Amino acid sequence: MQSVALQPVTMKTNRIKQADSPDLQYSSVLQTTNLSVYYGGHCAVDQVSLSFPKQSVTALIGPSGCGKSTFLRSINRMNDDVDSCRTEGAIYYEGVDLHSPHVNLHEIRKQIGMVFQRPVPFAKSIFKNVAAGPMRYGVKDKKELQRIVEENLKKAALWEEVKDQLHTSALRLSGGQQQRLCIARALALQPSVLLLDEPASALDPVSTTKIEELISQLKKDYTIVIVTHNMQQAARISDEVAYFYMGRVIEHGPTEQVFTNPRHEQTAHYINGRIG
Amino acid sequence: MAKMIKETEHPLYRKSNKMRMERIGKWLTFLSVALTATITAAILFLVFSKGVSTFIVNDGSVKEFFTGTTWNPAEVNSLGQPIIGALPFLVGSLAVTGISALIAGPLAIGAAIFMSEIAPNTGKRIMQPVIELLVGIPSVVYGFIGLTVVVPFLRGLFPGSGFGIAAGTIVLSVMILPTVTSLALDAIQAVPRSLREASLALGSTRWQMICKVVLKTAKPGLLMAVIFGMARAFGEALAVQMVIGNASVIPHSLFEPASTVTSILTMGMGYTVMGQAENNALWSLALVLLLMSLFFTIAVRMIGKGKSS
């Protein structure tokens, strides 16, 4: 019941895929072609073409202000709500152009989940935070909600710590717990892509380790795109790395290759800490 | 110990202008706060001592004050107590305050949502200045408009003179609407952008985001806005007095003349002599107003505290 209710668009879209973008590799669930994002006259993302393979972690790295967060936010169209922001180029998700006027914006955000830099739990109980998404899509059955909450708190490796206080305020949790709660909240909508915008940068080392372990776990089921400033983190958890500089992708490739044998001198400089 | 340095020798001992400025600044601010505190304490003392003397000096009954329905403090009843049944005014005050909060509260919150969420640009450029302008209109103007527009309008629609709780409520709702809207707007705008984005990222519609996240997060602030409005409505004298009819009875409908604590106070002030039972009874009403405003202030503080924890 649940999965049918939550994924009505996916089935249909497979067929459109071939017609719309024949060059799309089967294994990449998400792809951008010449994506540019402007804030007023300023070009924050400049003609970025990237594809994100299924069930892998892609890390977006680069100095502050290089456009990687903006790029990430344009994937689930969060920039729609920013005044003066204009987007050009295309984003294909399972072959569907996300900028098509016929696409349901809310459905996009349901299937492409997002976790932000700072943990943003709602001022509600832990239970209601996780249940918020499914409830907004009409899941009312209490048992079903309970199952969803438990399942996703387990996925986010938070269940053991909070199972006895599900109905206390989420604001009482520590920062690291709050962030895992936010991940559980995003997972509760059964997305297939997770966008993580520096999810561990506001956390202490122990919490960071937990989040990283979690990401490695989640990779089995989800396609993950993560923005990070932490080079070691990118090296540890990602399969592919894209290095952004001044709104452009300078280098994109398998993590090992980019870190050990970068093709561009600039990438090497950044990784070694000489830019940024 | 090293060689002692005389006080004048080392620059660290030198007195400077800056030290004097510091002292003057400290004293100036202290004097301001001392003056304010003294005046407040004096007012509190005066109102308390005068208000209580109805019951101590003039043998008034506290029970009669809160439950009696006849107000005639110049006369005494068979027990020799002044007749000070203030219930009609208390009911009148609570009724106009409560109903106008019920009318103005939702309207104000709706307007604040529109200004902040639906049309933030128009809201900021046009509506917010207009609302702030409305906040500054003196209450006598609202009362005057009530007298010339609302009362005749009600007279045409319902039996009676048009004066009454309904007229007072309408005038008060309009009067507190801008205040409550302005405060509600502040509360809604204080909800961090990150929370809104988190909600939208879950695929919420804008309406879901407003209902489930924005209003929920702003709830203490919205409650404070409404309570501030109620405090203003409860304490308002002039505008209400002009339209409520000023009959010291408990009305049977919203369209019969009634009165509030404040309206009786303003009506009676000029006709009593200091020290008389009549005058003391008015001070008791003032004491009630003071305690009510204290209650509103404490309520707002408690909500504010709950918000921060």
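By convention in this document, chain letters (A, B, ...) are assigned in the order of the sequence lines, proteins followed by strands, and residues within each chain are numbered from 1. Being a predicted model, the structure only gives us computed values, none of them experimental.
- When all heavy atoms are compared, the tightest approach of A/V120 to B/A198 is CG2-CB, 3.4 Å.
- At most 12 heavy atoms of other shown residues, nucleotides or ligands fall within 6.0 angstrom of atom CD in B/E22.
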Which atom pairs, donor and acceptor, lie under 3.5 Å between side-chain atoms of residues 92-100 of chain B and protein residues at least two apart or in another chain?
| from | atom 1 | to | atom 2 | distance (Å) |
| --- | --- | --- | --- | --- |
| B/S93 | OG | B/F89 | O | 3.4 |
| B/S93 | OG | B/V261 | N | 3.0 |
| B/T97 | OG1 | B/S93 | O | 2.6 |
| B/S100 | OG | B/V96 | O | 2.5 |
| B/S100 | OG | B/T97 | O | 3.1 |

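- In this structure A/F244 satisfies the ring-ring contact (aromatic ring centres under 6.0 Å, His included) test together with A/F71, sequence neighbours excluded.
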Enumerate, including both backbone and side-chain atoms, all donor-acceptor pairs under 3.5 Å from chain B to chain A.
| from | atom 1 | to | atom 2 | distance (Å) |
| --- | --- | --- | --- | --- |
| B/E197 | OE1 | A/R73 | NH1 | 2.9 |
| B/E197 | OE2 | A/R73 | NH1 | 3.1 |
| B/E197 | OE2 | A/R73 | NH2 | 2.7 |
| B/S199 | OG | A/R136 | NH1 | 2.9 |
| B/G203 | O | A/Y137 | OH | 2.9 |
| B/S204 | O | A/H106 | ND1 | 3.3 |
| B/S204 | OG | A/R136 | NH1 | 2.5 |
| B/Q208 | NE2 | A/R136 | O | 3.1 |

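- Note: B/L200 leads B/V213, B/L200, B/L195 in heavy-atom pairs under 4.5 Å with chain A.
- For A/F116, the part lying near chain B is the side chain, with the backbone staying farther off; criterion is any non-hydrogen pair under 4.5 Å.
- Under the side chain to side chain contact (heavy atoms under 4.5 Å, CB included) criterion, B/A286 pairs with B/V47, B/L265, B/W283, sequence neighbours left out.
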